[in-house]
Amino acid sequence: MNFVPLNEHTQTQYAKDSIGDTWLKITVPNNLLNKPLILQFPTIHVSNYNIYAKQEGLWQKVSVNTDLEGGKISPQYQENHFITDYEIIYFKSKSSYVHYGDFILVERGEHRSIMINNMIKIEVFYCLFLLSIVLISALYSLFKEKVILIYCIYIISVFLIYLIEDGILYFLSNKQCNELLMLAILMPISCLLFSLFIYYFLDIQKLSKKLKYFYSFQVLLYIVLGTLLYQTNNSLYFIIIVNSTLASTLITLALALKYYNRDKSVRFIVYSFSVIALTSMTYYLSIFPGHYWIFHSILHHDSIKVHH
């Protein structure tokens, strides 16, 4: 296989084999050789991959979510426990997405401290999120306004999306849940709820019937694509669903700006959520199958030929 550098900031190299599988050639620092190590990609979008490590002259496939004693574990993201005496390990996946090569490769003890710190941050974040849901629910119980109820449901849907993206569902379900399918269901619901909230909040829900047809078509599209994703597990359908929902959010924000461009609060909402939507679209587009293959096909680096 012909390996090329994944990016200019890392020694990790990238290649595609003859059947389209993605390979990474990862360098293990000398100070980590012959020590219990953990390799982990901190994202739910890099999973179902294999790590190959060399020990005493033999290449071995590392058991997924299994500690060195053979016990099964339930991590936040897929974990790979191994010991190697060779400075190179290999990553193999059916997916082209490799999270920009941002992985954790540390000793087992250090990994535990990293996870503890991350969990503390996550707990603080979710406590604040839950507090906001409680406060919004209290406001609805006081005023009984439909717009507050819609916003509360919208916040709950965003909360669930964060739970999935942060690997909490992977941890709780012991890898038995289809995270992409869950996101493909929740993200259209969340974006449609946000559009509904904007219309009610700005009192522009009586727009032309063309918009109603537009959103009705989108709902039908999400159902069809969601069904295809469930049947084929092809992440291409997931990318289409997610980015079309984010695009519909941008359309909603553009309409709000068109009708209320003189209102400073509306402009603040539009600009803030537009940045969030565009950032999200950029992130999810990077998961598109073949993204890295296309990227590296236009690079002019010297190839390094290796044999497995």
Side-chain angles (χ1 to χ4, degrees), residues 3 5-14 22-95 97-130 162-177 179 283 287 306 308:
F3 280 87
L6 186 62
N7 58 60
E8 59 185 10
H9 305 295
T10 179
Q11 293 181 304
T12 304
Q13 297 178 349
Y14 174 96
T22 299
W23 288 80
L24 292 182
K25 183 181 180 182
I26 299 171
T27 301
V28 180
N30 289 331
N31 64 315
L32 296 181
L33 296 178
N34 294 307
K35 295 180 180 179
L37 304 179
I38 295 178
L39 185 143
Q40 182 181 59
F41 284 80
T43 172
I44 62 167
H45 299 288
V46 182
S47 60
N48 300 320
Y49 59 89
N50 293 118
I51 297 295
Y52 296 88
K54 196 173 185 180
Q55 181 72 2
E56 297 180 351
L58 297 175
W59 286 101
Q60 297 178 342
K61 184 169 74 172
V62 177
S63 298
V64 174
N65 295 336
T66 304
D67 61 28
L68 293 175
E69 291 72 36
K72 287 294 182 180
I73 54 177
S74 298
Q76 183 181 358
Y77 306 107
Q78 179 177 321
E79 283 186 13
N80 306 274
H81 294 235
F82 62 96
I83 297 176
T84 182
D85 55 12
Y86 188 58
E87 71 256 5
I88 297 296
I89 59 173
Y90 289 98
F91 161 103
K92 178 186 177 184
S93 174
K94 295 290 184 183
S95 172
Y97 182 66
V98 291
H99 196 51
Y100 315 104
D102 295 333
F103 54 81
I104 299 170
L105 176 58
V106 294
E107 288 188 57
R108 185 163 54 181
E110 185 179 350
H111 184 268
R112 288 173 180 169
S113 64
I114 292 173
M115 290 299 102
I116 289 172
N117 290 333
N118 287 341
M119 290 306 295
I120 291 173
K121 294 176 184 177
I122 288 174
E123 286 175 3
V124 172
F125 173 76
Y126 284 115
C127 284
L128 293 174
F129 221 126
L130 288 171
Y162 272 110
L163 281 177
I164 297 172
E165 284 287 356
D166 284 336
I168 306 301
L169 189 63
Y170 184 93
F171 168 75
L172 294 175
S173 66
N174 195 23
K175 201 187 171 185
Q176 299 301 314
C177 184
E179 291 90 354
Y283 170 68
I287 306 171
V306 298
H308 299 286

Is the distance between the ring centroids of F125 and Y162 less than 6.0 Å? yes
State whether the number of non-hydrogen atoms from other residues, nucleotides or ligands found under 6.0 Å of Q55 atom CD is greater than 12. yes
F91 and F41 aromatic ring geometry - parallel, tilted or perpendicular at 30°/60° bounds: tilted
Heavy-atom pair with the smallest gap, counting every atom of Q76 and Y170: O-CD2, 3.4 Å
Whether T66 side chain and V64 backbone form a donor-acceptor pair below 3.5 Å: yes
Would you say the side chain of H45 lies within less than 4.5 Å of the side chain of E179, judging by non-hydrogen atoms? no
Residues S95 and S93: side-chain donor-acceptor under 3.5 angstrom: no
Which residues pass the side chain to side chain donor-acceptor pair (under 3.5 Å) test with Y126, sequence neighbours left out? D166
Aromatic ring proximity, centroids under 6.0 angstrom, F3 and W23: no
E8, CD atom: more than 12 neighbouring heavy atoms under 6.0 Å: no
Hey, is E69 close enough to R108 for a salt bridge, meaning N to O under 4.0 Å? yes
Give me the atom names and distance for the closest heavy-atom approach of C177 to L169. SG-CD2, 3.4 Å
When you measure from the side chain of N80 to the backbone of L39, do you find a donor-acceptor pair of N or O atoms at a distance under 3.5 Å? yes
Could you tell me whether a side-chain N or O of Q78 sits under 3.5 Å from a main-chain N or O of N48, the two making a donor and an acceptor? yes
Would you mind writing out the side-chain donor-acceptor pairs for residues 114-124 within the sub-3.5 Å range, not counting sequence neighbours?
from, atom 1, to, atom 2, distance (Å)
N117, ND2, S113, O, 3.3
N118, ND2, I114, O, 3.4

Is the shortest side-chain heavy-atom distance between Y90 and I26 below 4.5 Å? no
Only counting residues at least two apart or in another chain, list the ones meeting side chain to side chain donor-acceptor pair (under 3.5 Å) with T84. none
Main chain of P29, side chain of E87: is a donor-acceptor contact present, judged purely on distance under 3.5 Å? no
I'd like to check L37 versus H111 (side-chain heavy atoms, cut-off strictly below 4.5 Å). Are they in contact? no
Is there side-chain contact between N50 and V62, with at least one heavy-atom pair below 4.5 Å? no
